[in-house]
Amino acid sequence: MSYTACMPELPEVETIRRTIEPLVLGKTILEIRLLDTSIAQGTPERVRGEPVGTTITAVNRRGKHLILMLDNGKGLALHLRMTGSVLLEPPTHNPRVRAELLLSDDVRLYFNDMRRLGVMELIDDLDARMEKMGPEPLSDEFTTEALQSRLARHRIPIKAALLDQHIIAGIGNMYADEALFLSRLHPTTPAAELSLEQVARLWTALREVLTLAIANQGASIDTYVLPSGERGTAYDCFNVAHKKGAPCPRCGTPLERLMVRKRGAYYCPVCQRPDKPQNSEA
DNA sequence: CCCGGAACCTGAAGGC
DNA sequence: TGCCTTCAGGTTCCGG
């Protein structure tokens with residue numbers, strides 16, 4: 001069996017945010033070197049030009065976006081997509097540095113990305129942009145009711161709904177699978193058909209899975225590493241994700257993998273039966 | 001509006 | 001051994 005490709009999701013980006021914020025807070029951006037201009041959203045000139053001279057007032061995360069907040073009210077956003085990483089030193093393994101940020105006090109950030117899917121963008125109106133995204137799953141506004149009302153509008157498989165950043169922010173393939181396992185839901189169940197009780201289980205599972213992963217500094221299955229280059233240990237806590245053939249931690253049945261909307265979905269065929277009797281509310 | 005599929009990208013892995 | 005194809009998945013765009 002092959003374990004490939006895990007990408008930075010909410011816990012991984014949050015780990016990067018927590019690591020770099022104390023290092024870059026209050027620093028001035030001296031220069032942005034775009035070694036690969038194709039990562040720039042909009043024009044490269046704007047991305048590397050406008051932030052120069054501004055000071056970083058905070059490092060935020062919204063979904064999978066890492067956002068350097070600038071003192072001019074704008075945000076310099078990084079999205080790592082599949083294989084991007086933020087490093088404090090130039091990488092020695094697989095060096096594919098796409099951009100370098102030179103800050104005051106000799107602080108430097110390196111944006112490394114083997115594949116070139118990751119992007120850097122200067123966002124003028126942060127509020128408007130972030131409003132288009134679903135709620136933050138660890139925020140107070142993300143209630144069981146909020147999740148229920150959002151899922152009720154979609155008949156797509158629940159696995160696909162969890163991956164849709166407009167419905168809920170920050171969830172990727174790994175943590176969607178982990179949450180569905182904990183809540184004992186089959187990945188192809190139509191989102192709108194979940195009972196209130198099932199949605200409540202899913203809500204709890206999402207919070208547990210993400211919180212535990214953050215505590216473990218993310219999952220380094222493939223290319224993700226901390227800014228220091230060290231590996232996160234969240235994979236050690238996984239029940240099903242990227243574990244096809246391994247015994248289910250709950251019942252011992254070999255875990256399976258099926259395709260849902262062209263995405264691999266790891267699950268237990270016994271604990272997550274598709275046709276469990278639903279709590280129908282007549 | 002809702003949904004499915006293609007495209008983007010590159011290294012790993014599998015087939016022949 | 002080596003070439004060729006397929007796959008991995010976050011996001012956007014396009015078409016039905």
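Numbered from 1 within each chain, the chains take letters A, B, ... in sequence-line order.
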Original post:
What is the distance, rounded to the nearest whole Å, between atom CG of L80(A) and atom P of dG10(C)?
Top reply: 12 Å

**OP:** May I have the distance from M82(A) (atom CE) to dC7(C) (atom P), rounded to whole angstrom?
**Re:** 14 Å

Original post:
What does L117(A) touch in the nucleic acid at a heavy-atom separation under 4.0 angstrom: a base, only the sugar-phosphate, or nothing?
Top reply: base

**OP:** Consider the side chain of R116(A), meaning its heavy atoms from C-beta on, and name the nucleotide among dA8(C), dT11(C), dC9(B) that approaches it most closely.
**Re:** dC9(B)

Subject >> Side-chain donor or acceptor of E12(A) paired with backbone N/O of E9(A) under 3.5 Å >> reply: yes

Original post:
What about Y235(A) and Y224(A), are their ring centers closer than 6.0 Å?
Top reply: no

Original post:
How long is the line joining CD1 of I171(A) and P of dG10(C), in whole Å?
Top reply: 11 Å

Original post:
Please give, in whole Å, the distance from dC3(B) P to K159(A) NZ?
Top reply: 17 Å

Original post:
So what does G264(A) touch, heavy atoms closer than 4.0 Å: a base, only the sugar-phosphate, or nothing?
Top reply: sugar-phosphate

**OP:** Please confirm whether any donor atom in the side chain of R115(A) sits under 3.5 Å from an acceptor in the base of dG10(C), or the reverse.
**Re:** no

Original post:
Between atom CG in D222(A) and atom P in dC7(C), what is the gap in whole Å?
Top reply: 18 Å

Subject >> Nearest-Å distance for atom pair NE2/C1', residues H166(A) and dC3(B) >> reply: 14 Å

Original post:
So is R250(A) actually on top of F181(A)'s ring, under 6.0 Å and inside 45° of the axis?
Top reply: yes

Original post:
Should H154(A) be listed as having a side-chain N or O under 4.0 Å from OP1 or OP2 of dC3(B)?
Top reply: yes

Subject >> Nearest listed nucleotide, side chain of R155(A), among dC3(B), dT10(B), dT11(C) >> reply: dC3(B)

**OP:** Using the closest heavy atom to pick a nucleotide of DNA chain B for each, name whichever of A160(A) or R263(A) lands nearer the 5' end.
**Re:** A160(A)

**OP:** Could you state the atom-to-atom distance from CG of L66(A) to C1' of dG10(C) in whole Å?
**Re:** 16 Å

Original post:
T83(A) and D113(A): side-chain donor and acceptor closer than 3.5 Å?
Top reply: yes

**OP:** Taking only the side-chain heavy atoms of M114(A) (C-beta and beyond), determine which of dG11(B), dT11(C), dC3(B) contains the nearest atom.
**Re:** dG11(B)

Original post:
For the pair made of OH in Y224(A) and C1' in dG10(C), what is the distance, rounded to whole Å?
Top reply: 17 Å

**OP:** Would you kindly check if the NZ (Lys) or CZ (Arg) of R98(A) is within the cone defined by 45 degrees around the ring axis of F111(A) and under 6.0 Å from the six-membered ring centre?
**Re:** no

Original post:
Contact class for M133(A) vs. all strands (heavy atom < 4.0 Å): base, sugar-phosphate, or nothing?
Top reply: nothing

Original post:
Of L162(A), V209(A), N239(A), V240(A), which meets side-chain contact (heavy atoms from CB on, under 4.5 Å) against D177(A)?
Top reply: V240(A)

Original post:
Does a nitrogen or oxygen in the side chain of R96(A) sit under 4.0 Å from OP1 or OP2 of dT10(B)?
Top reply: no

**OP:** Verify the contact: side-chain N or O of R81(A) to OP1 or OP2 of dT10(B), cut-off strictly under 4.0 Å; return yes or no.
**Re:** no

Original post:
Is the shortest side-chain N/O distance from Q165(A) to OP1 or OP2 of dT11(C) below 4.0 Å?
Top reply: yes

Original post:
Among the nucleotides dA8(C), dG10(C), dA6(B), which one has an atom lying closest to any side-chain atom of K262(A)?
Top reply: dA6(B)

